[in-house]
Amino acid sequence: MIRFHNTLSGREEEFQPLDPGEVRVYTCGPTVYDLPHIGNFRAYVFEDLLLRFLRYSGFKTVQVMNLTDVDDKTIRGARASGVSLREYTEPFVRAFFSGLALLRIRPADHYPRATEHIPEMVAIIKGLLDKGVAYRKDGSIYFSIEKFPAYGRLSGINPDDLRITSRIGARLESDEYEKDSARDFALWKAPREGEPSWETDIGPGRPGWHIECSAMSSKYLGPSFDIHCGGVDNIFPHHENEIAQSEAYFEKPFVRYWLHCHHLVVDGEKMAKSKGNFYTLRDLVEARGVDPSALRMFLVGTHYRKVLNFTLESLEQSAAALKRIKDFVYELENRIFPAAKTDASLDLIACAERTFREGMEDDLNVSAALTGLFDLIRKANPLIQGKKIGLNEAKRLLDFVYRVDEVLAVLPERRDLEISDDLRAKIEERERARKSRDWAAADRLRRELLENGVVLEDTKDGVRWKIEKKTGSN
RNA sequence: GGCGCGGUACCCAAGUGGCAAGGGAGAGGUCUGCAAAACCUCGAUUCGCCGGUUCGAAUCCGGCCCGCGCCUCCA
């Protein structure tokens, strides 16, 4: 039984999809106004883990992730650079997708862009106007919160309190759009000089921020679907407003399970460019040579509802933990196993799989799930050394690790394990040196190989090698 | 002010009433030309603090301290 913590109830609930066997998921995607940072990727990795686990559990999945390519920040950026919105956002879209690939995040089924779904948004806004839930003012259109009694249910915010605090009050006064009530939010913004604008049935202008998600989720997943994810900062106002728009328009329950991941902080503090602790994926991977799979191990390793503290030390620890798994796989793939059939580890596999599954079923408790894998490694290694594992069983152990990795996706893909002919020749040269007991030459060659990320291991059956990437602490 | 998350060993981190998982780092050992990997051993008489409930509390209740996040366009 899978259980998820549902923001709507504040509790863990048993998960049951609307349609048995298929899960429909909407995941909040990037606003493409800048290079994505590692905090953004924490959310995408969490969502990937969720989708992978649902598939591991036998569900078919349909995932939608939006690309917000028109909003205040993209417009501001495009104006500042003197290019069109499309030209401005395109490099950030590409950076986003290349980051997904680096972190082995499986592509969603749909990546709808806000700018390509204006008619769908207009249809909903028009409907909301017809129902009297939305109103026009100075060329803009607003959603009237008082017409939607359930407003505040997701975030636990009482709409009456919204205008009270001085902090919010100050911001509301500075809002340049006029509304009936300070608490109402924009569905459609009147055209302004120098801003992109669309000619539509509801008049010229551009969409507000929240409406794209209501329009695009219903288009690809229907008005009611199973899971909606995002960062905790989206709970209010973004997701609260989505619920209001979608349910007011379709008059059906919008989303069954809301899953929100917490933020990533760096050295215990919120990431901010002004603090100098701001990392994009590119900073880490290209400039610091961080192994993306170690970064994924780090991002995946802490429960999604806990604040994740990124430090270079914790990244190294994740890399070391990952190395233990990789070394186990390496043993299974490179050792010569006896052909005799054995079954010494079958119980271990069954037990590990159960621990893994039960951990993940408990609201994606990865720490508990990983215990299954590490316990198996600790118990299987002595069996391997004691030659109690046959070829048939080695394969079953390997299958298990790769089955788990279908969910975690932290092991390197096979093509990463190839090395150049040059390095291969060097390995052979060292073997010759070693055979002639020229230890100085052998050690020098091994050092050179190490500098190229190739680690050698001398065994009774001859030398073997593996690739080890840096973690980036240097 | 409101909402929320957290405080468990040197570090990361599970554990929500019955002897405190797991990983990393460290120390000692086995193996080895040297390494690497692997294995063995060691490591919290105690879970932020103070009370209470209970045969029994990291876990339940009350109070307090500390850190962090969000609160109109941040994942």
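Because the structure is a prediction, the values reported are computed rather than measured. Convention: sequence-line order gives letters A, B, ...; per-chain numbering from 1.
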If we take the [atom1] atom in both [N] and [M], what is their distance in whole Å?
| N | M | atom1 | value |
| --- | --- | --- | --- |
| rG29(B) | rC49(B) | C1' | 41 Å |
| rG43(B) | rU8(B) | C1' | 15 Å |
| rU16(B) | rA21(B) | C1' | 15 Å |
| rA57(B) | rC47(B) | P | 11 Å |
| rA14(B) | rA75(B) | C1' | 25 Å |
| rG6(B) | rC10(B) | P | 23 Å |
| rG69(B) | rC64(B) | P | 23 Å |
| rU59(B) | rA20(B) | C1' | 12 Å |

Centroid-centroid distance, [X] to [Y], less than 6.0 Å:
| X | Y | result |
| --- | --- | --- |
| Phe185(A) | His210(A) | yes |
| Tyr44(A) | Phe41(A) | yes |
| Tyr33(A) | Tyr88(A) | no |
| Phe254(A) | Phe225(A) | yes |

Just checking [X]: base, sugar-phosphate only, or nothing, at a heavy-atom cut-off of under 4.0 Å?
| X | value |
| --- | --- |
| Asp327(A) | sugar-phosphate |
| Ile384(A) | nothing |
| Glu331(A) | sugar-phosphate |
| Leu456(A) | base |
| Lys379(A) | nothing |
| Ser318(A) | nothing |
| His37(A) | base |
| Ser155(A) | sugar-phosphate |
| Gly39(A) | base |
| Gly268(A) | sugar-phosphate |
| Asn381(A) | sugar-phosphate |

Could you state the [atom1]-[atom2] distance from [X] to [N], rounded to the nearest angstrom?
| X | N | atom1 | atom2 | value |
| --- | --- | --- | --- | --- |
| Leu312(A) | rA25(B) | CG | C1' | 16 Å |
| Lys435(A) | rG33(B) | NZ | P | 14 Å |
| His262(A) | rG7(B) | NE2 | C1' | 14 Å |
| Ile243(A) | rU72(B) | CD1 | C1' | 16 Å |
| Leu100(A) | rA75(B) | CG | P | 14 Å |
| Lys388(A) | rA38(B) | NZ | P | 18 Å |
| Ile377(A) | rA38(B) | CD1 | C1' | 12 Å |
| Asn309(A) | rG7(B) | CG | C1' | 13 Å |

* Can you check whether Ile211(A)'s main-chain N or O pairs, donor with acceptor, with Ser214(A)'s side chain at less than 3.5 Å? -> no
* In Å, rounded to the nearest 0.5 Å, how long is the span from CZ of Phe46(A) to CG of Leu264(A)? -> 14.5 Å
* Asked: Does the side-chain ring of Trp439(A) lie flat on the base of rG33(B), meaning centres under 5.5 Å and planes less than 30 degrees apart?
  -> yes
* Asked: Does Thr459(A) have a side-chain nitrogen or oxygen under 4.0 Å from the phosphate oxygens OP1 or OP2 of rA37(B)?
  -> no
Going by atom types alone, do [X] and [Y] pair a side-chain donor with an acceptor below 3.5 Å?
| X | Y | result |
| --- | --- | --- |
| Tyr151(A) | Asn241(A) | yes |
| Asn309(A) | Thr311(A) | no |
| Asn6(A) | Glu13(A) | yes |
| Thr74(A) | Asp71(A) | yes |
| Asp283(A) | Thr280(A) | yes |
| Asn277(A) | Glu269(A) | no |

* Looking at the side chain of Lys306(A), which of rG15(B), rC70(B), rA14(B) is the nearest nucleotide? -> rA14(B)
* To do: Toss me the dot-bracket line for RNA chain B: Watson-Crick and G-U wobble, both under 3.5 Å, 5' to 3', using | for pairs to another strand and [ ] for crossers.
  => ((((((((.[[[..)..(...]]].(((((.......))))).....[[[[[..)....]]]]])))))))....
Under 3.5 Å donor-acceptor pair, [X] side-chain atoms to [N] base atoms:
| X | N | value |
| --- | --- | --- |
| Arg430(A) | rG33(B) | yes |
| Asn365(A) | rG15(B) | no |
| Arg446(A) | rA35(B) | yes |
| Asp458(A) | rC34(B) | yes |

Pairwise N/O distances under 3.5 Å, protein to nucleotides 21-24 of chain B:
residue, atom, partner, partner atom, Å
rA21(B), N3, Thr371(A), OG1, 2.8
rG23(B), N2, Gln317(A), OE1, 3.0

* **Nearest-nucleotide 5' precedence on RNA chain B, Arg305(A) against Cys261(A)** => Arg305(A)
* To do: Find which nucleotide of RNA chain B each of Gly301(A) and Lys323(A) is nearest to by heavy atoms, and output the residue with the more 5' nucleotide.
  => Gly301(A)
* To do: Pick out which of Tyr279(A), Phe278(A), Phe96(A) makes a ring pair (Phe, Tyr, Trp, His ring centres under 6.0 Å) with His37(A).
  => Phe278(A)
